[in-house]
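Worksheet for the structure shown next.
Remember, it's a predicted structure, so these values are computed and weren't measured experimentally.
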Amino acid sequence: SQKFTVSFLCQGLKSPQESVVDMSPVESFRTPSKEELRELREQPTDPQAEQEIIDSIEEVYFSSDSFDMVQYELEKLPPDLNLLELEEYRDKLKRQQAAVSKRVADLILEKQPSYVKELERVTSLQTNLQLAAVICTNARRQLRSAKEGFTEASLGLLANQRRRQLLTGLLKSLRTIKTLQRTDVRLSEMLEEEDYSGAIQLCLECQKAASTFKHYHCISELNSKLQDTLEQIEEQLDVALSKTCKHFDVSHYTKVQLAYKLLGKTQTAMDQLHMHFTQAIHNTVFQVVLGYVELCAGNADTKFQKMQYKDLCTHITTDSYIPCLTDLCKALWEVMLSYHLTMQWHDEHYKEEEATPGADDSSAEGSDESTVGRSYVKKKLEHGLTRIWQDVQLKVKVYLLGTDVSNFKYDDFIVVLDVISRLMQVGEEFCGSKSEVLQESIKRQSVNYFKNYHRTRLEELRMFLENETWELCPVKYNFSIAQLHEFKFMGQCRSPSVSPSRQPESTEPVELSLFEQYLQGGNPFEMQIDNKEEETEDVLASNGYESDELEKSVYQDYDSDSDVPEELKQDYVDEQTGDAPVKSVSRETLRSQKRSDYNLNRTNAPILTNTTLNMIRLVGKYMQMMNILKPIAFDVIHSVSQLFDYYLYAVYTFFGRNDMVCISKHFYSPPCSEAGGENAGPHASPEERKEKVPSPHLSQLVVLTASDTLYGLAERVVATESLVFLAEQFEFLQPHLDTIMPSAKKPFLQQFYSQTVSTASELRKPIYWIVAAKAIDYEQMLLLMAGVKWDIKEIMSQHNVYVDVLLKEFEKFNQRLGDVSKIVRIPLPVSNVLWEHCIRLANRTLVEGYANVKKCSNEGRALMQLDFQQFLMKLEKLTDLRPIPDKEFVETYIKAYYLTENDMEQFIKNHREYSMKQLTNLVNVCLGSHINKKARQKLLAAIDDIDRPKR
């Protein structure tokens with residue numbers, strides 16, 4: 001609809017709303033008067049003209065009610081006013097106003113019926129509203145009366161009841177709060193009683209109760225206090241957990257684990273536990289070493305407490321090194337045992353939980369969480385084994401390398417090796433570790449120690465050999481190296497003559513692990529010193545015998561110890577008690593021994609010397625080292641071979657060197673124990689001269705030139721047979737050495753035994769050959785044979801005088817041999833070698849004497865056979881040696897005189913054992929009898945052809 005409300009109309013006529021506001025409810029709805037309507041009707045009625053007038057009104061008059069038309073029209077006035085124009089413009093405005101008024105009046109008249117009807121409705125509404133106001137007034141009056149008479153009294157009772165209930169709840173809350181305020185006292189008591197789980201449970205319940213009353217101001221402070229208390233409990237729980245690292249207690253650890261389970265921090269507890277074990281290892285070793293350092297320092301200097309552990313270890317003295325190491329291992333054992341028991345507790349605990357599933361977990365989700373927690377703890381504990389053992393190894397390594405042990409006594413160093421070996425055994429049982437760190441560190445110390453130790457022992461061996469008088473060291477007939485305490489580590493005592501396969505089988509019980517042995521108490525490192533107390537020996541023969549005249553007459557030289565060197569009396573006594581073992585050999589034992597040609601009736605005791613026994617003990621000490629420390633086993637075995645080589649070389653140089661003797665260089669070629677007398681000359685480097693051991697020299701007290709002693713035969717027998725006995729002991733030890741030797745180095749051991757040890761008995765031949773060559777005057781026999789006439793014409797029935805002289809020489813040799821046997825037992829192999837050498841030399845001398853004959857007849861050859869047969873007949877009564885050595889050598893040479901030319905030529909080719917001189921003489925003597933000159937030249941040429949390759 002078109003807007004018709006214009007500003008000037010509004011100035012002339014008020015709007016219906018303004019009229020209604022100004023009037024009363026009835027008066028505001030007045031209809032226009034007739035005069036007004038008539039006046040409006042008198043206006044022009046041309047609709048088109050009227051519309052043109054309305055259209056001519058400016059748009060601004062329709063803009064808004066706030067339009068000020070007076071201000072607008074005044075502003076439009078031109079600067080120069082014209083009355084006529086103003087009047088015309090005023091008339092225009094009036095016409096526009098009239099048109100608008102008329103249009104409004106027409107519209108009012110058009111809506112008149114609707115207006116009246118609506119006015120009636122308004123009047124009715126006004127009446128209803130007045131009635132409602134009267135009803136409300138009456139209702140308020142009645143409500144006020146009801147309130148005063150009934151509501152205030154009844155609702156007051158209800159309000160009081162509600163207030164009572166609130167106050168009752170408040171009182172209960174206050175009592176709970178009061179109880180909560182006093183829980184700190186009870187918590188302290190429970191912590192002192194180590195009831196950690198109860199304290200945590202109480203604290204958690206208090207926290208839950210406090211959350212219910214958190215709307216009270218005092219509770220917020222209490223809640224904070226309870227949280228602090230819970231943290232304090234966790235701290236004390238952590239301290240309690242750390243205590244299990246050194247001294248594990250099942251009940252204590254169970255309480256701690258239950259407490260952590262209530263806190264829901266089982267995994268955290270396991271992490272903390274490993275930290276505590278690491279810290280316990282560090283604190284333990286530091287405190288042990290610090291205690292010894294301060295004790296040895298002897299003052300209250302506190303500078304040691306500020307030192308690092310590595311620096312502290314360098315202040316350990318030599319005297320306190322082993323006690324400190326032992327205490328260190330004892331303390332570390334306690335830590336590892338606690339960890340072992342911790343793992344055992346968890347294994348048993350989890351088995352119990354698996355046996356009663358659902359006892360602790362109320363839901364499947366809780367069960368899964370518990371399974372994850374167990375898996376975490378199990379893996380953590382398993383990984384912790386290696387970590388803890390690594391920490392232990394590193395701490396002990398620092399201690400081991402902190403002191404130079406190269407100058408330690410042997411027994412002290414063995415104790416160190418024993419302790420470390422036991423510690424490595426603990427490590428293997430603890431986590432299956434091979435203890436590479438400990439092995440490397442102890443190997444470094446052992447190599448340094450053993451290098452210095454071996455050099456010193458070689459020098460001592462040279463000193464012993466140079467001062468050795470090669471007299472018999474009296475040991476029991478059943479002596480075995482296994483009886484020496486240096487070989488106790490081998491765990492069995494059996495004679496070298498008994499093969500391992502013949503040893504009685506023994507079923508040993510299954511050995512318990514160290515953790516099983518010392519589970520209830522004790523310490524595996526406490527037995528290191530106790531072992532020494534059980535080391536006793538009884539290997540030396542007694543010097544007193546039961547009364548037996550025959551034995552006294554035979555062994556009168558042994559009935560007293562006056563001939564025993566003082567060093568034997570001092571060195572070979574019981575090493576633990578200082579007393580010489582006193583045990584006599586029974587008469588039955590003496591009589592039951594098997595007798596050889598020159599055997600002491602009393603006993604078949606091994607032949608060895610003071611030096612031999614020392615050498616055997618030294619080998620035992622070396623074997624202890626490599627048994628405990630297998631990484632240097634090859635170095636030790638190599639050194640053992642040098643000891644044997646040096647002993648063998650000394651025996652050979654003392655008793656086997658002679659211008660008449662030629663022995664292979666194969667017997668002595670030690671790489672380090674080389675004779676230094678000639679080799680370590682001025683051209684050798686200082687380092688080489690340091691590594692070489694000087695060649696030993698025979699003691700001046702040993703006389704090898706006296707014929708009445710068979711050129712020192714007693715000393716030669718003691719020396720040679722002690723070497724053979726030593727070789728037998730090495731053969732006995734070979735299986736043990738073979739098990740220790742690294743696989744890559746076993747060829748060295750095999751070569752040592754095959755080329756050195758096995759040849760020890762071969763030294764009998766060159767050593768006793770010297771005696772045999774000097775014991776009988778073979779030159780005298782050659783001179784006597786040269787004076788015999790062999791070109792006789794008749795067969796003789798009497799042998800020549802030289803045979804009797806030779807036999808007397810043998811009888812004299814036999815007598816001297818018997819005299820020597822009173823000083824030292826001569827074993828059957830020795831007597832056989834001596835007789836073999838003497839007989840062989842005698843037979844060779846006979847052939848040489850026969851080869852010196854210029855003329856010989858058939859009767860002369862028969863005389864030769866008669867002489868030789870007489871010699872054999874008498875000789876066989878002097879000795880039991882069969883067959884007689886080189887018997888065929890003499891007989892064949894004598895019989896060759898009867899050979900023809902062709903047979904003689906074949907004889908020359910086949911029998912190269914005879915010298916050219918002997919063969920040539922054989923041909924020359926046969927000349928003229930049955931060999932002519934031509935045949936002689938041919939046979940001599942054959943002899944020359946045989947000798948030509950030798951030139």
Side-chain angles (χ1 to χ4, degrees), residues 245-246 248 274 277-278 280-281 284-285 322 325-347 378-401 413-447 488-491 508-528 530-531 623-634 636 736 738-743:
C245 296
K246 293 184 179 180
F248 183 85
H274 282 79
F277 268 106
T278 302
I281 292 173
T284 298
V285 296
I322 293 178
L325 175 62
T326 305
D327 287 347
L328 199 67
C329 292
K330 285 181 182 179
L332 290 173
W333 161 261
E334 296 295 339
V335 175
M336 289 186 285
L337 178 61
S338 295
Y339 194 88
H340 175 79
L341 292 174
T342 301
M343 291 193 67
Q344 185 174 310
W345 183 93
H346 281 279
D347 289 341
K378 185 177 180 181
K379 290 181 179 179
K380 190 75 175 179
L381 287 171
E382 289 174 352
H383 294 166
L385 285 170
T386 305
R387 177 183 170 185
I388 288 175
W389 176 241
Q390 189 71 9
D391 289 343
V392 170
Q393 286 191 91
L394 292 175
K395 296 299 182 183
V396 177
K397 174 187 176 182
V398 171
Y399 181 83
L400 285 175
L401 301 181
F413 188 71
I414 285 297
V415 171
V416 173
L417 293 184
D418 276 340
V419 172
I420 299 303
S421 176
R422 181 58 60 94
L423 185 61
M424 288 192 288
Q425 181 184 353
V426 170
E428 185 171 1
E429 293 180 4
F430 184 68
C431 62
S433 171
K434 297 300 180 183
S435 307
E436 290 82 1
V437 176
L438 280 180
Q439 286 193 21
E440 180 61 29
S441 57
I442 198 64
K443 181 179 179 181
R444 286 173 54 185
Q445 288 286 42
S446 298
V447 169
K488 293 294 184 182
F489 71 93
M490 296 177 61
E508 297 182 357
V510 179
E511 185 178 357
L512 298 175
S513 69
L514 293 175
F515 288 97
E516 292 172 338
Q517 294 180 37
Y518 299 97
L519 186 63
Q520 302 300 328
N523 196 297
F525 298 97
E526 291 176 350
M527 58 186 296
Q528 300 302 321
D530 298 338
N531 283 343
M623 291 185 65
Q624 284 184 39
M625 283 191 188
M626 58 183 158
N627 187 64
I628 295 172
L629 196 65
K630 293 179 176 59
I632 66 166
F634 172 71
V636 179
H736 187 80
D738 192 64
T739 58
I740 301 176
M741 194 72 158
S743 300

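- For the side chain to side chain contact (heavy atoms under 4.5 Å, CB included) test, residues two or more places apart in sequence or in another chain that qualify with E428 are K434.
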Does the side-chain contact (heavy atoms from CB on, under 4.5 Å) test come out yes or no for S433 and Q393, once each step is laid out?
CA-CA 11 Å; S433 171; Q393 286 191 91; 4.1 Å; yes
Derivation of the side-chain contact (heavy atoms from CB on, under 4.5 Å) call for E334 and N523:
CA-CA 8 Å; E334 296 295 339; N523 196 297; 3.7 Å; yes
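- Here the two rings, on W333 and F430, have centers that are 6.0 Å apart or farther.
- Enclosure of atom NZ in K380 by more than 12 non-hydrogen atoms of other residues, nucleotides or ligands within 6.0 angstrom is indicated.
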Using the side-chain contact (heavy atoms from CB on, under 4.5 Å) rule, take H274 and Y339 through it: C-alpha gap first, then chi angles, then the decisive distance, then the call.
CA-CA 9 Å; H274 282 79; Y339 194 88; 2.8 Å; yes
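- To the nearest 0.5 Å, atom SG of residue C431 and atom CE of residue M336 are 9.0 Å apart.
- Across every non-hydrogen atom of E429 and L514, the tightest pair is OE1-N, 2.7 Å.
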L385/H340 under side-chain contact (heavy atoms from CB on, under 4.5 Å): CA gap, chis, key distance, verdict
CA-CA 9 Å; L385 285 170; H340 175 79; over 6 Å; no
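- For the atom pair S446 OG and R444 CZ, the distance stands at 11.5 Å (nearest 0.5 Å).
- Residues forming a side chain to side chain donor-acceptor pair (under 3.5 Å) with K397 (at least two apart in sequence, or on another chain): none.
- Atom-to-atom distance recorded for D347:CG and L381:CG is 8.0 Å, nearest 0.5 angstrom.
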